[in-house]
Asker: 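If you scroll down you'll find the structure; I have some questions about it.
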Amino acid sequence: MTAKSVGFLTLLFAVMVSSCGTRQPEAEFPWLETPSHFPEINHPDDNELSLARWELGKRLFFETKLSVDGSKSCASCHFSESAFATNFPTNKGAFGADGTRNSPSLANIGYHPYFTREGGVPTLEMQVLVPIQEEDEFHNNILAIADTLSQDSTYVVASLNAYDSEITPFVITRSISAFERTLISGGSLYDRFLAGDSTVLSNSELSGLEVFISKGCSNCHNDFLLTNFEIINNGLYEEYSDPGLFNLTGNTEDIGKFKVPSLRNVTITYPYMHDGSLATLDDVFDHYVSGGSSHPNKSELITPISLSEEERSDLKAFFETLRDNSFIEWSSSL
Ligand code: HEC
Ligand code: HEC
């Protein structure tokens, strides 16, 4: 291992040690064991986790009544078998309207500091309102949804049990978020490696990790979720039809800036980038090898690199170790 990669791992372990402690799985949630090398999920004071809240949130996540034409649920664009991403560049919303962005994975979403691809939404609770209102998603209104659900006595009872309340926008946004915060994926081979079992990775997988570090990928894709959560232009285009962070700020220096995605489960969350324009990992590698476009906002960290065939195959082997089969199995059974 090179000095640089040892340095990265030391940093990684420092982060882990400072944030972990011995932890008991929640008695109510025998399936929810936060991995000991992950920090504790922060459930907001007004939305502590309970089984009743989780069950209501789960049901609503799969509820097509949320969309104005009754055709789509959250799960229509966030597939459990794809770590809650999709395998289409974009998805269709109510009345078949075409979306413009690729659906990101919701694995470990409770750890994100802000939401959407330009990071403009500060909490998960607020994020629930985005697909509800977007014309190319549910094209609906949360008050109308509360009305519709109130006509179903099973929802009325579930809401009373969970929040001691009738069905309101508060209950809808809170319960879905409570469910989302339990989508913790930390059972991959890479996690066993992080937890201290250095024998689990094959030579090719270890070489892939070294390539990942030595080629500069870990400058942005780092820490336990393999993202630093910065909003960055990685040189995808000369001209962006979706200007990313610029949408929020109107500042031309923000054109083309998007949140650095987590690479956990990356081999099953294809296609890639904010618009799903890169179909395969090889397309992604080609992008980074080229050094990207010459966009003035491109990060200085994106420069042309070399990647041999062997390095590509080692990188892919390393990326495979980021796949959490137990998470996929559990979430697909929900
Ligand atoms: C029609 C497809 C579609 C539907 C339906 C949908 N989403 Fe999404 N979701 C997306 C897309 C596309 C994005 C990226 C949006 C953006 O960056 O503006 C996204 C982003 C998110 C994010 C932020 C992820 C991140 O990395 O910041 C969360 C959380 C989320 N969705 C949860 C939900 C929930 C909960 C529902 C149901 C209430 C839902 N989604 C319904 C397509 C969809
Ligand atoms: C300067 C920061 C930075 C560096 C360095 C960097 N990336 Fe990225 N990466 C990003 C950003 C930002 C995105 C998202 C861009 C978008 O949404 O359009 C991204 C997206 C990706 C994606 C797509 C993930 C998804 O779910 O869509 C993969 C895979 C990826 N990078 C791999 C790599 C590899 C491999 C390297 C090293 C060769 C690397 N990255 C170096 C910032 C970086």
Side-chain angles (χ1 to χ4, degrees), residues 57 60-64 66-67 71-78 83-86 88 90-94 97-106 108-110 112-121 124 127-132 134 136-139 145 172-173 176-177 179-180 183 211-222 226-237 240 242 244 247 256-267 269-278 281 283-285 287-289 292 298-303 305 307 311-312 315 318-319:
L60 288 174
F61 190 86
F62 292 95
E63 178 57 80
T64 55
L66 265 50
S67 63
S71 70
K72 302 285 174 197
S73 72
C74 308
S76 304
C77 300
H78 299 283
F84 295 97
T86 61
F88 301 99
T90 59
N91 289 86
K92 290 187 188 299
D98 286 316
T100 54
R101 287 185 175 176
N102 179 250
S103 311
S105 165
L106 303 185
N108 300 312
I109 195 72
H112 286 224
Y114 28 66
F115 304 92
T116 76
R117 289 188 177 271
E118 62 271 88
V121 179
L124 267 180
Q127 200 286 326
V128 173
L129 294 170
V130 178
I132 287 180
E134 286 287 331
D136 56 13
E137 297 189 355
F138 292 155
H139 197 172
I145 294 174
I172 296 168
T173 55
I176 293 179
S177 308
F179 168 68
E180 288 180 288
L183 302 178
V211 172
F212 188 72
I213 296 162
S214 65
K215 301 292 175 179
C217 313
S218 58
N219 283 321
C220 299
H221 299 281
N222 56 29
L226 298 124
T227 168
N228 57 9
F229 290 115
E230 284 182 23
I231 317 285
I232 284 178
N233 179 318
N234 73 341
L236 197 58
Y237 297 119
Y240 283 81
D242 179 342
N247 280 332
K257 293 191 177 171
F258 295 93
K259 186 161 72 178
V260 176
S262 168
L263 299 186
R264 282 182 170 272
N265 300 296
V266 69
T267 53
T269 61
Y270 59 88
Y272 303 109
M273 306 298 168
H274 67 276
D275 53 0
S277 57
L278 301 186
L281 284 175
D283 295 338
V284 173
F285 298 156
H287 164 71
Y288 286 112
V289 164
K298 186 179 73 170
S299 162
E300 287 170 2
L301 296 170
I302 306 283
T303 51
I305 55 167
L307 274 186
E311 286 171 328
R312 281 179 185 246
L315 261 182
F318 168 60
F319 280 176

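These values consider heavy atoms only, across backbone and side chains, with no hydrogens, waters or symmetry-generated copies. Whatever order the structure lists ligands and atoms in, that order sets their numbers, starting from 1.
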Asker: Give the numbers and elements of all ligand 2 atoms closer than 4.0 Å to a heavy atom of L301.
Answerer: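 Here the atoms of ligand 2 in question are 1 (C).
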
Asker: Does P104 have any side chain to side chain contact (heavy atoms under 4.5 Å, CB included) partners at least two apart in sequence or in another chain, and if so, which?
Answerer: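 Partners of P104 by the side chain to side chain contact (heavy atoms under 4.5 Å, CB included) criterion, ordered by chain and then number, come out as H78, R117.
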
Asker: Are any non-hydrogen side-chain atoms of S277 and Y237 less than 4.5 angstrom apart?
Answerer: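 SC-SC contact between S277 and Y237 confirmed.
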
Asker: Record the part of C217 in heavy-atom contact with ligand 2 below 4.0 Å; permitted values are side chain, backbone, both and neither.
Answerer: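 Both backbone and side chain.
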
Asker: Holding to salt bridge (charged side-chain N to carboxylate O under 4.0 Å, His left out), I want the full list of residues that pass it with K259, two or more places apart in sequence or in another chain.
Answerer: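 For K259, no residue satisfies salt bridge (charged side-chain N to carboxylate O under 4.0 Å, His left out) once neighbours in sequence are set aside.
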
Asker: Salt bridge or not between D275 and R101? Use side-chain N to carboxylate O under 4.0 Å.
Answerer: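 Salt bridge between D275 and R101, a charged N being under 4.0 Å from a carboxylate O: no.
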
Asker: Do M273 and P261 come close enough that some side-chain heavy atom pair is under 4.5 Å?
Answerer: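 Not touching, per the 4.5 Å side-chain cut-off.
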
Asker: So do F212 and L263 actually touch side chain to side chain, heavy atoms under 4.5 Å?
Answerer: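 Yes. Closest side-chain heavy atoms under 4.5 Å.
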
Asker: Y240 side chain to K257 main-chain N or O, any donor-acceptor pair under 3.5 Å?
Answerer: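 No, the answer is negative, given that no donor and acceptor are paired below the 3.5 Å cut-off.
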
Asker: What atoms of ligand 2 come within less than 4.0 Å of a heavy atom belonging to S299?
Answerer: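 Per the distance check, 1 (C).
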
Asker: Within the 4.0 Å heavy-atom shell around V284, which atoms of ligand 2 are there?
Answerer: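 Near V284, the atoms of ligand 2 are 28 (C), 29 (C), 30 (C), 32 (C).
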
Asker: Would you say the side chain of L236 lies within less than 4.5 Å of the side chain of L278, judging by non-hydrogen atoms?
Answerer: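 Yes, side chains in contact.
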
Asker: List every atom of ligand 2 that sits less than 4.0 Å from any heavy atom of L236, numbering the atoms from 1 in the order shown and giving each element.
Answerer: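 Atoms satisfying the 4.0 Å criterion: 18 (O).
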
Asker: Applying a heavy-atom cut-off of 4.0 Å, say which part of L278 lies close to ligand 2: side chain, backbone, both or neither.
Answerer: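 L278 to ligand 2: no contact under 4.0 Å from either part.
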
Asker: If we only count N/O pairs under 3.5 Å, is M273 in contact with ligand 2?
Answerer: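 M273 vs ligand 2: N/O contact under 3.5 Å present.
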
Asker: Closer than 4.0 Å to some heavy atom of I302 - which atoms of ligand 2 meet that?
Answerer: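 Taking each heavy atom of I302 in turn, ligand 2 has 1 (C), 3 (C), 4 (C), 5 (C) under 4.0 Å.
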
Asker: For ligand 2, which atoms, with element, lie under 4.0 Å from some heavy atom of I305?
Answerer: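 Selected atoms, number and element: 38 (C).
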
Asker: Could you list the atoms of ligand 2 found under 4.0 angstrom from a heavy atom of G216?
Answerer: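 Listed by number with element: 5 (C).
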
Asker: Taking N, O or S atoms only and a limit of 2.8 Å, check whether Y288 reaches atom 8 (Fe) of ligand 2.
Answerer: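 Yes - counting backbone and side chain alike, Y288 has an N, O or S atom under 2.8 Å.
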
Asker: Taking non-hydrogen atoms only, is K257 closer than 4.0 angstrom to ligand 2 via side chain, backbone, both or neither?
Answerer: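 Neither part.
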
Asker: With a 4.5 Å cut-off on side-chain heavy atoms, are L315 and R312 touching?
Answerer: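 They are not in contact (no side-chain heavy atoms under 4.5 Å apart), so the answer is no.
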
Asker: How long is the span from the CG atom in L183 to the OG atom in S105, to the nearest 0.5 Å?
Answerer: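 Interatomic distance, L183 CG to S105 OG, rounded to 0.5 Å: 8.5 Å.
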
Asker: Give me the pairs of N or O atoms, one from ligand 1 and one from the protein, that sit under 3.5 Å apart.
Answerer:
| from | atom 1 | to | atom 2 | distance (Å) |
| --- | --- | --- | --- | --- |
| ligand 1 | 7 (N) | H78 | NE2 | 3.0 |
| ligand 1 | 9 (N) | H78 | NE2 | 3.1 |
| ligand 1 | 17 (O) | R101 | NH1 | 2.9 |
| ligand 1 | 17 (O) | R117 | N | 2.7 |
| ligand 1 | 18 (O) | R101 | NH1 | 2.9 |
| ligand 1 | 26 (O) | K259 | NZ | 3.3 |
| ligand 1 | 27 (O) | T116 | N | 2.7 |
| ligand 1 | 27 (O) | K259 | NZ | 2.8 |
| ligand 1 | 31 (N) | H78 | NE2 | 3.0 |
| ligand 1 | 40 (N) | H78 | NE2 | 2.9 |

Asker: Is H139 reaching over with its side chain to a backbone N or O of S67, donor-acceptor style, under 3.5 angstrom?
Answerer: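 Side chain of H139 to backbone of S67, a donor-acceptor pair under 3.5 Å: no, none is there.
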
Asker: Check ring-ring contact (aromatic ring centres under 6.0 Å, His included) between H274 and all other residues, then give those that pass, not counting sequence neighbours.
Answerer: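 For H274, the residues satisfying ring-ring contact (aromatic ring centres under 6.0 Å, His included) (neighbours in sequence not counted) are F258.
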
Asker: Do L124 and H112 come close enough that some side-chain heavy atom pair is under 4.5 Å?
Answerer: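 In short, these two side chains do not touch, never coming nearer than 4.5 Å.
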
Asker: Give a yes/no answer: is there an N/O/S atom of C220 under 2.8 Å from atom 8 (Fe) of ligand 2?
Answerer: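 Within the cut-off used here (under 2.8 Å), C220 places no N, O or S atom near atom 8 (Fe) of ligand 2.
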
Asker: Return a yes/no value for Y272: is any of its N or O atoms, backbone included, closer than 3.5 angstrom to an N or O of ligand 2?
Answerer: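 No.
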
